Amino acid sequence: MTVLFRRVFVYDAASATAMTGPLDVLVDGDRIAAVDHDLPIPPDARIVDGGGRHLLLPGLINAHFHSPANHLKGSVRSLPLELFMLFESPSDPVLAPTPREAYLRTILGAIEMLQRGITCVQDDAFLMPGPDPEIIDAVASAYRDSGIRAFLALDQPELTEAEKLPFVDELDDASRRAFDAPAPAGAHELLAAYDHLLTTWHGAADDRIRAAVSISAPQRVSLDYFAALDDLAERHGLPMYAHMLETKVQRTLMTQQPRFEGRSLVQYTATAGLLKPHTNVIHAVWVDDADLDAIADAGSTVVHNPVSNLRLGSGVLPWRAMLSHGIPVALGTDEAICDDTINVWTVAKIAGLIHNVSGLDSDDWPTPTEVLGALWQGGARATGRSDLGAVTPGMLADLAMVDLHAIAFTPLNDLREQLVHCEDGRDVVLTMVAGRVVAEHGHVTTVDETALLDEVRETFAAKLPAIHAARSGAGELYPAYQHIVRRAAKTDVGFTRWLTPLRKNS
Ligand SMILES: [Zn+2]
């Protein structure tokens with residue numbers, strides 16, 4: 001298919017005003033073929049006339065996400081991660097999704113993203129109770145049908161709770177027994193699921209769907225399984241997703257779990273030779289300078305999820321130190337249960353603001369140029385694709401067109417500032433992925449959006465009582481997790497990522 005955008009402004013990161021135009025942009029197949037004045041109209045081309053008031057941006061990249069919680073937005077109050085996870089996905093078998101439910105919840109998220117011009121997502125999908133091939137197929141089918149570009153990994157822990165958490169030896173016997181329960185799936189089963197994912201879906205839909213690998217987090221897997229996934233990543237050129245030092249609880253593991261031998265989760269991973277250029281270090285809130293050195297030396301990318309970090313009280317990552325180390329930073333929403341939108345625009349805004357509380361030296365605060373760089377260049381770097389994140393010939397035609405006559409840009413004072421601080425996705429009038437128009441005027445055109453949303457409402461309203469029942473059962477372990485969180489809060493790790501200084505006696 002050929003599409004000619006006529007008389008559009010084009011986002012240009014190198015320009016003083018961040019845009020050039022009006023110009024014509026020719027899309028041929030899945031790529032941008034030309035950006036120039038007065039391009040000839042090819043036969044059979046669809047013409048999209050920007051009328052000199054529309055701006056073509058690279059499609060936004062959501063570099064970190066978990067689709068299985070898409071139907072759970074707003075359903076759990078703000079809590080620290082370790083308490084939040086207790087209610088987020090109770091392992092009650094009654095909550096195991098049918099393939100249709102997995103399809104619906106996935107496409108619900110894809111619709112929300114495409115409406116807002118988010119064209120690429122890295123889905124670190126945790127499939128409870130286990131990564132059944134039918135459920136993997138349902139998730140990937142939803143991405144295929146929606147038209148979004150997706151990287152799909154299986155975020156499955158392999159170890160027991162007792163091996164993943166600090167201060168477990170201080171718990172009562174009943175809690176200890178619960179923490180010693182085996183993970184739902186072992187390494188052999190998980191690797192078989194990856195085999196299915198790679199064989200069936202890697203490169204599907206004309207390479208719009210790709211596989212990725214996920215260890216979930218270094219403390220949640222054995223080094224053998226970690227190395228097996230790294231081997232898959234190396235052989236197939238896949239990104240590797242790894243949550244690291246999201247919370248202070250995770251920082252305390254270095255002294256509270258003997259296998260880490262006093263090393264942070266970043267240092268433990270680096271020492272094992274498993275911190276790599278393909279690694280997405282997700283969160284990286286409770287990192288110190290030595291961790292940043294290791295991430296920079298490895299050439300890994302950090303994925304910053306500031307809304308999730310605020311929702312769960314995780315803390316604020318050291319933005320300026322990270323950039324000073326030359327570490328690429330990408331932006332992610334994290335999951336819909338802890339954002340609770342799947343909106344990378346608002347993530348960019350919060351990323352642009354939250355670091356201003358790091359101190360009064362405003363030279364250390366994020367600039368809109370840096371935030372937009374994280375959104376597009378950082379996002380592309382996280383996926384391992386060099387053909388995403390710019391509106392130039394040869395790049396993939398993943399585009400978002402916004403209306404410059406909308407309130408967010410009226411009057412237009414500074415495009416970069418207004419993209420970060422004014423736009424929230426509502427002014428995206430057209431979304432294109434791989435050269436195909438997938439959303440226009442706020443609605444997805446690839447699927448029957450109204451019918452799907454009706455089915456989502458009916459399906460998950462019927463499921464809500466079971467979710468509530470499972471959560472109240474899971475709540476029995478709340479005191480045990482709260483003990484761990486409170487013990488970690490009181491532990492002096494040498495620095496803080498919260499706004500308040502460590503109160504030693506609280
Ligand atoms: Zn996550």
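First listed ligand is number 1; within each ligand, the first listed atom is number 1. Numbers here simply count residues along the sequence, with the first being 1. Predicted, not measured: the structure shown is a model, and the values here were computed from it.
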As a test of reading the structure, name the N/O/S atom of H64 that is nearest the Zn ion (ligand 1).
NE2
What is the name of the N/O/S atom of D334 that is nearest to the Zn ion (ligand 1)?
OD1
State whether F167 and R487 meet the cation-pi test: NZ (Lys) or CZ (Arg) under 6.0 Å from the six-membered ring centroid, and within 45° of the perpendicular axis.
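The answer is yes; both the distance and angle limits are met.
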Between D424 and T346, is there a side-chain donor-acceptor contact under 3.5 Å, judged purely by atom types and distance?
no
In a check of side chain to side chain donor-acceptor pair (under 3.5 Å) between D334 and each of H66, H243, R311, which one passes?
H66
E82 with K164: basic N within carboxylate O range, under 4.0 Å:
no
For a distance under 2.8 Å, tell me if H283 has an N/O/S atom near the Zn ion (ligand 1).
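Checking H283: none of its N, O or S atoms is under 2.8 Å.
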